[in-house]
Amino acid sequence: MYIMAASSRDMAESPPPPNKATKVELLSKSVQELVINGGQPPDNYVYKNSTGGVPDVHTPLNEIPVIDLGNLKSSATTVEEELEKLRSALSSWGCFQAINHGITSSFLDKVHEVTKHFFSLPMDEKRKYSREANNIEGYGNDIIFSDHQILDWTDRLYLMVNPEDQRKFTFCPDNPTDFRDILLKYSMELSLITEVILKAMAKSLNLEDNCFLEQMGERSTMFARFNLYPPCPRPDLVLGLKPHADGSAITFVLQDKEVEGLQFLKDNQWIRVPVIPQALLINIGDQAEIMSNGIFKSPVHRVVTNSERERISVAVFCSPDSDKEIEPIGRLVNDSRPRLYKKVKNYVDTYFQYYQQGKRPIDAVRY
Ligand SMILES: O=C(O)CCC(=O)C(=O)O
Ligand SMILES: [Fe+2]
(Lines give C-alpha, C1' and ligand atoms only; values in the text may rest on other atoms or scores of the structure.)
(Ligands and ions follow the chains in the order given, each with its own letter.)
Protein backbone atom coordinates (compact mmCIF):
# COMPACT_ATOMS: atom_id res chain seq x y z
CA MET A 1 0.00 0.00 0.00
CA TYR A 2 2.01 2.79 -0.97
CA ILE A 3 -0.96 4.28 0.05
CA MET A 4 -0.87 7.66 -1.24
CA ALA A 5 -3.46 9.19 0.71
CA ALA A 6 -5.20 10.81 3.43
CA SER A 7 -5.04 8.59 6.43
CA SER A 8 -7.97 6.64 7.66
CA ARG A 9 -8.33 9.25 10.41
CA ASP A 10 -8.50 12.07 7.90
CA MET A 11 -11.05 10.15 5.96
CA ALA A 12 -13.09 9.56 9.06
CA GLU A 13 -13.02 13.27 9.88
CA SER A 14 -13.72 14.57 6.43
CA PRO A 15 -17.31 15.39 5.52
CA PRO A 16 -19.32 12.59 3.98
CA PRO A 17 -18.76 12.25 0.23
CA PRO A 18 -21.26 13.99 -2.01
CA ASN A 19 -23.79 11.72 -3.58
CA LYS A 20 -22.87 10.02 -6.79
CA ALA A 21 -24.47 12.56 -9.09
CA THR A 22 -22.32 15.42 -7.78
CA LYS A 23 -18.96 13.65 -7.72
CA VAL A 24 -16.07 15.61 -9.16
CA GLU A 25 -14.46 14.49 -12.39
CA LEU A 26 -11.26 12.48 -12.30
CA LEU A 27 -8.20 14.67 -12.02
CA SER A 28 -6.61 13.20 -15.08
CA LYS A 29 -7.51 10.81 -17.85
CA SER A 30 -7.69 7.19 -16.87
CA VAL A 31 -4.90 5.02 -18.25
CA GLN A 32 -7.59 3.00 -20.02
CA GLU A 33 -8.52 6.13 -21.98
CA LEU A 34 -4.88 6.83 -22.84
CA VAL A 35 -4.65 3.36 -24.30
CA ILE A 36 -7.81 3.76 -26.37
CA ASN A 37 -6.42 6.99 -27.79
CA GLY A 38 -3.26 5.11 -28.83
CA GLY A 39 0.12 6.71 -29.40
CA GLN A 40 3.04 7.07 -27.01
CA PRO A 41 2.67 7.35 -23.22
CA PRO A 42 2.46 11.01 -22.11
CA ASP A 43 5.67 12.48 -20.71
CA ASN A 44 4.52 12.39 -17.12
CA TYR A 45 4.49 8.56 -17.21
CA VAL A 46 8.00 8.20 -18.59
CA TYR A 47 11.14 7.36 -16.57
CA LYS A 48 14.03 9.33 -17.98
CA ASN A 49 16.61 8.66 -15.31
CA SER A 50 20.29 8.10 -15.95
CA THR A 51 19.69 4.50 -16.98
CA GLY A 52 17.48 5.76 -19.78
CA GLY A 53 14.29 4.17 -18.51
CA VAL A 54 12.98 1.41 -16.31
CA PRO A 55 16.00 -0.50 -14.94
CA ASP A 56 16.27 -4.23 -15.64
CA VAL A 57 12.93 -4.73 -17.22
CA HIS A 58 13.87 -8.33 -18.05
CA THR A 59 14.64 -9.78 -14.67
CA PRO A 60 15.22 -13.31 -13.47
CA LEU A 61 12.49 -15.51 -12.12
CA ASN A 62 13.64 -16.64 -8.74
CA GLU A 63 12.31 -18.83 -6.04
CA ILE A 64 9.94 -16.72 -4.00
CA PRO A 65 9.29 -18.94 -0.96
CA VAL A 66 6.07 -20.98 -0.93
CA ILE A 67 4.36 -21.60 2.42
CA ASP A 68 1.66 -24.21 2.97
CA LEU A 69 -0.75 -22.55 5.41
CA GLY A 70 -2.33 -25.91 6.22
CA ASN A 71 1.00 -26.95 7.74
CA LEU A 72 0.93 -23.96 10.11
CA LYS A 73 -2.07 -25.36 12.00
CA SER A 74 -0.90 -26.59 15.38
CA SER A 75 -2.26 -30.10 14.74
CA ALA A 76 -0.06 -30.58 11.67
CA THR A 77 2.95 -32.81 12.19
CA THR A 78 5.06 -30.54 10.03
CA VAL A 79 4.21 -27.34 11.92
CA GLU A 80 7.73 -26.71 13.26
CA GLU A 81 9.29 -27.13 9.84
CA GLU A 82 6.75 -24.76 8.22
CA LEU A 83 7.23 -22.15 10.96
CA GLU A 84 10.93 -22.18 10.26
CA LYS A 85 10.21 -21.72 6.55
CA LEU A 86 7.97 -18.78 7.39
CA ARG A 87 10.58 -17.17 9.65
CA SER A 88 13.22 -17.56 7.00
CA ALA A 89 10.93 -16.24 4.20
CA LEU A 90 9.91 -13.14 6.14
CA SER A 91 13.38 -12.32 7.35
CA SER A 92 15.09 -12.69 3.98
CA TRP A 93 12.39 -11.86 1.42
CA GLY A 94 9.55 -10.31 3.41
CA CYS A 95 7.10 -12.14 1.17
CA PHE A 96 5.90 -15.58 0.17
CA GLN A 97 3.28 -17.33 -1.90
CA ALA A 98 0.65 -18.89 0.34
CA ILE A 99 -0.88 -22.15 -0.81
CA ASN A 100 -3.51 -24.29 0.91
CA HIS A 101 -4.94 -21.12 2.44
CA GLY A 102 -8.51 -22.37 2.59
CA ILE A 103 -10.12 -20.02 0.03
CA THR A 104 -11.53 -22.00 -2.88
CA SER A 105 -10.18 -21.41 -6.36
CA SER A 106 -13.67 -20.75 -7.67
CA PHE A 107 -14.11 -17.96 -5.12
CA LEU A 108 -10.75 -16.37 -6.01
CA ASP A 109 -11.82 -16.53 -9.65
CA LYS A 110 -15.00 -14.66 -8.67
CA VAL A 111 -12.96 -11.90 -7.00
CA HIS A 112 -10.98 -11.57 -10.22
CA GLU A 113 -14.12 -11.65 -12.38
CA VAL A 114 -16.00 -8.90 -10.52
CA THR A 115 -12.88 -6.72 -10.72
CA LYS A 116 -12.59 -7.32 -14.44
CA HIS A 117 -16.29 -6.65 -14.88
CA PHE A 118 -16.04 -3.32 -13.05
CA PHE A 119 -13.08 -2.09 -15.12
CA SER A 120 -14.80 -3.12 -18.34
CA LEU A 121 -17.84 -0.88 -17.64
CA PRO A 122 -18.22 2.26 -19.73
CA MET A 123 -16.25 5.21 -18.36
CA ASP A 124 -19.41 7.11 -17.37
CA GLU A 125 -20.51 4.21 -15.25
CA LYS A 126 -17.12 3.89 -13.50
CA ARG A 127 -17.00 7.62 -12.87
CA LYS A 128 -20.00 7.33 -10.57
CA TYR A 129 -17.48 5.98 -8.08
CA SER A 130 -14.71 8.50 -8.74
CA ARG A 131 -12.54 9.55 -5.87
CA GLU A 132 -12.52 13.17 -4.82
CA ALA A 133 -9.50 15.37 -5.46
CA ASN A 134 -7.64 14.79 -2.21
CA ASN A 135 -8.91 11.46 -1.11
CA ILE A 136 -7.82 8.02 -2.14
CA GLU A 137 -11.08 6.23 -1.70
CA GLY A 138 -12.95 5.49 -4.93
CA TYR A 139 -12.09 5.02 -8.59
CA GLY A 140 -9.22 6.92 -10.17
CA ASN A 141 -5.48 7.03 -10.56
CA ASP A 142 -2.50 8.80 -8.99
CA ILE A 143 -3.04 11.83 -6.81
CA ILE A 144 -0.82 14.52 -8.33
CA PHE A 145 1.48 16.15 -5.77
CA SER A 146 3.98 17.85 -8.04
CA ASP A 147 4.78 18.64 -11.66
CA HIS A 148 7.79 16.31 -11.55
CA GLN A 149 5.90 13.29 -10.38
CA ILE A 150 6.08 10.23 -12.63
CA LEU A 151 2.69 8.58 -12.79
CA ASP A 152 1.81 4.91 -12.55
CA TRP A 153 0.35 3.11 -15.54
CA THR A 154 -2.68 1.88 -13.63
CA ASP A 155 -6.29 2.66 -12.85
CA ARG A 156 -7.59 1.65 -9.45
CA LEU A 157 -10.57 1.37 -7.22
CA TYR A 158 -9.70 1.85 -3.59
CA LEU A 159 -12.12 0.94 -0.80
CA MET A 160 -11.95 0.95 2.96
CA VAL A 161 -13.43 -2.30 4.24
CA ASN A 162 -12.74 -2.25 8.00
CA PRO A 163 -13.59 -1.05 10.55
CA GLU A 164 -17.12 -1.68 9.41
CA ASP A 165 -18.46 1.72 10.51
CA GLN A 166 -15.97 3.47 8.22
CA ARG A 167 -17.15 1.87 5.00
CA LYS A 168 -18.40 4.30 2.42
CA PHE A 169 -20.73 2.41 0.19
CA THR A 170 -21.07 5.31 -2.24
CA PHE A 171 -17.70 4.23 -3.63
CA CYS A 172 -18.51 0.53 -3.76
CA PRO A 173 -19.78 -0.50 -7.20
CA ASP A 174 -23.27 -1.91 -7.51
CA ASN A 175 -22.34 -3.13 -10.94
CA PRO A 176 -21.68 -6.05 -11.04
CA THR A 177 -24.45 -6.59 -8.51
CA ASP A 178 -22.49 -9.10 -6.46
CA PHE A 179 -19.40 -6.87 -6.15
CA ARG A 180 -20.10 -5.81 -2.57
CA ASP A 181 -21.00 -9.30 -1.29
CA ILE A 182 -17.91 -10.80 -2.86
CA LEU A 183 -15.69 -8.11 -1.37
CA LEU A 184 -17.15 -8.60 2.10
CA LYS A 185 -16.85 -12.37 1.93
CA TYR A 186 -13.28 -12.05 0.65
CA SER A 187 -12.40 -9.64 3.45
CA MET A 188 -13.75 -12.05 6.07
CA GLU A 189 -11.69 -14.89 4.65
CA LEU A 190 -8.58 -12.70 4.67
CA SER A 191 -9.18 -11.61 8.27
CA LEU A 192 -9.06 -15.27 9.29
CA ILE A 193 -5.84 -15.82 7.37
CA THR A 194 -4.33 -12.65 8.87
CA GLU A 195 -4.88 -14.09 12.31
CA VAL A 196 -3.26 -17.39 11.35
CA ILE A 197 -0.23 -15.62 9.89
CA LEU A 198 0.24 -13.15 12.73
CA LYS A 199 0.12 -15.98 15.25
CA ALA A 200 2.52 -18.07 13.19
CA MET A 201 4.89 -15.10 12.91
CA ALA A 202 4.96 -14.91 16.72
CA LYS A 203 5.44 -18.67 17.13
CA SER A 204 8.22 -18.70 14.58
CA LEU A 205 10.16 -16.29 16.83
CA ASN A 206 9.27 -18.22 20.01
CA LEU A 207 7.08 -15.39 21.24
CA GLU A 208 3.69 -15.40 22.88
CA ASP A 209 1.09 -16.27 20.16
CA ASN A 210 -0.86 -13.01 20.34
CA CYS A 211 1.92 -10.44 20.50
CA PHE A 212 1.53 -9.24 16.88
CA LEU A 213 -2.25 -9.59 16.95
CA GLU A 214 -2.55 -7.46 20.09
CA GLN A 215 -0.78 -4.58 18.40
CA MET A 216 -3.40 -4.66 15.64
CA GLY A 217 -5.98 -3.56 18.23
CA GLU A 218 -9.75 -3.93 18.33
CA ARG A 219 -10.38 -1.78 15.27
CA SER A 220 -7.73 -2.89 12.84
CA THR A 221 -8.10 -1.46 9.35
CA MET A 222 -8.45 -3.15 6.00
CA PHE A 223 -8.26 -1.45 2.61
CA ALA A 224 -8.84 -3.16 -0.72
CA ARG A 225 -7.25 -1.89 -3.89
CA PHE A 226 -8.43 -3.22 -7.24
CA ASN A 227 -5.78 -2.56 -9.88
CA LEU A 228 -6.05 -2.53 -13.65
CA TYR A 229 -2.78 -2.28 -15.60
CA PRO A 230 -3.68 -1.74 -19.27
CA PRO A 231 -1.16 -2.83 -21.94
CA CYS A 232 1.52 -0.19 -22.36
CA PRO A 233 3.34 0.55 -25.64
CA ARG A 234 6.64 1.29 -23.81
CA PRO A 235 7.29 -1.17 -20.96
CA ASP A 236 10.95 -0.09 -21.11
CA LEU A 237 10.02 3.46 -20.06
CA VAL A 238 6.90 3.17 -17.94
CA LEU A 239 6.05 1.38 -14.68
CA GLY A 240 2.67 -0.03 -13.64
CA LEU A 241 3.47 0.83 -10.03
CA LYS A 242 6.61 2.57 -8.84
CA PRO A 243 8.94 0.97 -6.30
CA HIS A 244 7.50 1.13 -2.80
CA ALA A 245 7.18 -0.85 0.40
CA ASP A 246 3.69 -1.17 1.86
CA GLY A 247 2.60 0.82 4.93
CA SER A 248 0.44 -2.05 6.19
CA ALA A 249 1.29 -4.78 8.69
CA ILE A 250 0.47 -7.45 6.14
CA THR A 251 -0.68 -7.31 2.50
CA PHE A 252 -2.42 -9.90 0.34
CA VAL A 253 -2.11 -9.74 -3.42
CA LEU A 254 -4.37 -11.79 -5.64
CA GLN A 255 -2.37 -11.82 -8.84
CA ASP A 256 -3.63 -12.17 -12.38
CA LYS A 257 -3.51 -15.88 -13.22
CA GLU A 258 -2.29 -15.23 -16.74
CA VAL A 259 -0.20 -12.08 -16.71
CA GLU A 260 2.89 -11.52 -14.56
CA GLY A 261 4.11 -8.10 -13.51
CA LEU A 262 4.96 -7.95 -9.81
CA GLN A 263 8.66 -7.84 -8.87
CA PHE A 264 10.46 -7.71 -5.51
CA LEU A 265 13.82 -6.14 -4.86
CA LYS A 266 16.17 -8.66 -3.28
CA ASP A 267 19.89 -8.08 -2.79
CA ASN A 268 19.66 -5.12 -5.17
CA GLN A 269 18.13 -7.16 -7.94
CA TRP A 270 14.55 -7.11 -9.21
CA ILE A 271 13.06 -10.59 -9.02
CA ARG A 272 9.90 -11.55 -10.93
CA VAL A 273 7.07 -13.19 -9.02
CA PRO A 274 5.81 -16.20 -10.95
CA VAL A 275 2.11 -16.79 -11.19
CA ILE A 276 1.04 -19.78 -9.14
CA PRO A 277 -2.68 -20.17 -9.89
CA GLN A 278 -4.73 -20.03 -6.69
CA ALA A 279 -1.83 -18.93 -4.50
CA LEU A 280 -2.04 -15.66 -2.62
CA LEU A 281 1.06 -13.51 -2.54
CA ILE A 282 1.56 -12.26 1.00
CA ASN A 283 4.05 -9.60 2.01
CA ILE A 284 4.98 -7.85 5.19
CA GLY A 285 4.47 -4.10 5.38
CA ASP A 286 6.41 -1.50 7.34
CA GLN A 287 4.29 -1.89 10.46
CA ALA A 288 5.19 -5.57 10.87
CA GLU A 289 8.85 -4.69 10.30
CA ILE A 290 8.55 -2.16 13.15
CA MET A 291 6.80 -4.63 15.49
CA SER A 292 9.42 -7.29 14.77
CA ASN A 293 12.23 -4.81 15.45
CA GLY A 294 13.49 -5.28 11.92
CA ILE A 295 13.66 -9.08 11.96
CA PHE A 296 10.92 -9.33 9.36
CA LYS A 297 11.53 -7.18 6.28
CA SER A 298 9.03 -4.95 4.52
CA PRO A 299 10.19 -5.52 0.95
CA VAL A 300 10.39 -2.96 -1.83
CA HIS A 301 8.37 -4.03 -4.85
CA ARG A 302 7.04 -2.65 -8.12
CA VAL A 303 4.87 -3.64 -11.07
CA VAL A 304 6.16 -3.60 -14.64
CA THR A 305 3.98 -3.21 -17.72
CA ASN A 306 3.81 -5.21 -20.92
CA SER A 307 2.69 -4.24 -24.41
CA GLU A 308 0.39 -7.19 -25.05
CA ARG A 309 -2.08 -7.82 -22.29
CA GLU A 310 -3.86 -6.03 -19.50
CA ARG A 311 -3.22 -7.25 -15.97
CA ILE A 312 -5.63 -7.23 -13.02
CA SER A 313 -4.68 -7.62 -9.37
CA VAL A 314 -6.40 -7.11 -6.04
CA ALA A 315 -4.30 -5.95 -3.09
CA VAL A 316 -5.70 -5.98 0.45
CA PHE A 317 -3.84 -4.09 3.17
CA CYS A 318 -4.29 -5.01 6.84
CA SER A 319 -3.04 -2.48 9.38
CA PRO A 320 -3.35 -1.80 13.09
CA ASP A 321 -6.07 0.39 14.54
CA SER A 322 -4.95 3.93 13.67
CA ASP A 323 -5.41 5.02 17.31
CA LYS A 324 -3.14 2.31 18.63
CA GLU A 325 0.50 2.91 19.30
CA ILE A 326 2.75 0.22 17.87
CA GLU A 327 6.38 -0.51 18.70
CA PRO A 328 8.98 -3.28 18.58
CA ILE A 329 7.93 -6.25 20.71
CA GLY A 330 9.85 -6.09 24.01
CA ARG A 331 11.36 -9.57 23.74
CA LEU A 332 12.89 -8.69 20.38
CA VAL A 333 14.89 -5.84 21.87
CA ASN A 334 18.08 -6.81 23.69
CA ASP A 335 21.78 -5.99 23.93
CA SER A 336 22.63 -7.71 20.70
CA ARG A 337 19.57 -6.30 18.93
CA PRO A 338 18.93 -2.74 20.05
CA ARG A 339 15.59 -1.09 19.49
CA LEU A 340 15.51 0.02 15.85
CA TYR A 341 12.17 1.85 15.71
CA LYS A 342 10.31 4.40 17.77
CA LYS A 343 6.78 4.08 19.03
CA VAL A 344 4.35 5.25 16.37
CA LYS A 345 0.64 5.88 16.11
CA ASN A 346 -1.23 6.24 12.84
CA TYR A 347 1.80 5.24 10.80
CA VAL A 348 -0.23 5.61 7.62
CA ASP A 349 -0.11 9.41 8.11
CA THR A 350 3.68 9.41 8.41
CA TYR A 351 3.84 7.06 5.49
CA PHE A 352 1.93 9.45 3.28
CA GLN A 353 3.99 12.50 4.18
CA TYR A 354 7.27 10.72 3.51
CA TYR A 355 6.04 9.07 0.39
CA GLN A 356 5.05 12.45 -1.02
CA GLN A 357 8.60 13.68 -0.49
CA GLY A 358 9.99 10.65 -2.32
CA LYS A 359 11.51 9.22 0.89
CA ARG A 360 11.20 5.77 2.39
CA PRO A 361 8.55 6.21 5.11
CA ILE A 362 10.00 3.72 7.60
CA ASP A 363 13.09 5.93 7.90
CA ALA A 364 10.89 8.45 9.73
CA VAL A 365 10.51 6.11 12.71
CA ARG A 366 14.03 4.66 12.77
CA TYR A 367 16.34 5.56 15.67
O1 LIG B 1 -0.44 -5.38 -8.57
C2 LIG B 1 0.32 -6.01 -7.85
O3 LIG B 1 0.70 -7.15 -8.12
C4 LIG B 1 0.90 -5.38 -6.59
C5 LIG B 1 0.16 -4.21 -6.06
C6 LIG B 1 0.88 -3.51 -4.94
O7 LIG B 1 2.02 -3.71 -4.66
C8 LIG B 1 0.15 -2.50 -4.17
O9 LIG B 1 -1.02 -2.19 -4.54
O10 LIG B 1 0.72 -1.98 -3.16
FE1 LIG C 1 2.52 -2.86 -2.68
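For ligands, and for the atoms within them, numbers begin at 1 and follow the listed sequence. Since the model is a prediction, treat every value here as computed from it, not as a measurement.
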For the residue pair Asp246 / Ser248, report whether a side-chain donor-acceptor contact shorter than 3.5 Å exists. no
Contacts satisfying salt bridge (Lys or Arg N to Asp or Glu O under 4.0 Å) that involve residues 35-46 (not counting sequence neighbours) are none
Atoms of ligand 1, numbered as shown, that sit under 4.0 Å from any heavy atom of Ala315: 9 (O)
Please state which part of Leu281 comes within less than 4.0 Å of ligand 1, counting heavy atoms only: side chain, backbone, both or neither. neither
Part of Thr251 with heavy atoms under 4.0 Å of ligand 1, whether side chain, backbone, both or neither: neither
Gln255 to ligand 1, any heavy atom closer than 4.0 Å: no
In degrees, rounded to 10 degrees, what angle do Asp246 atom OD1 and His244 atom NE2 make at the Fe ion (ligand 2)? 90°
At a 4.0 Å threshold, what atoms of ligand 1 neighbour a non-hydrogen atom of Asp246? 10 (O)
Test of understanding: with salt bridge (charged side-chain N to carboxylate O under 4.0 Å, His left out), list the residues that count as partners of Glu214, not counting sequence neighbours. none
What are the atoms of ligand 1, with element, lying closer than 4.0 Å to any heavy atom of His301? 7 (O)
Quick check on contacts: which atoms of ligand 1 are under 4.0 angstrom from a heavy atom of Tyr229? 1 (O), 2 (C), 5 (C)
Heavy-atom side-chain contact between Tyr139 and Arg156 under 4.5 Å: no
Kindly indicate whether the side chain of Val304, heavy atoms from C-beta on, has any atom under 4.5 Å from the side chain of Pro235. no
Just going by heavy-atom distances, which of Arg302, Glu260, Arg156, His244 is nearest to atom 10 (O) of ligand 1? His244
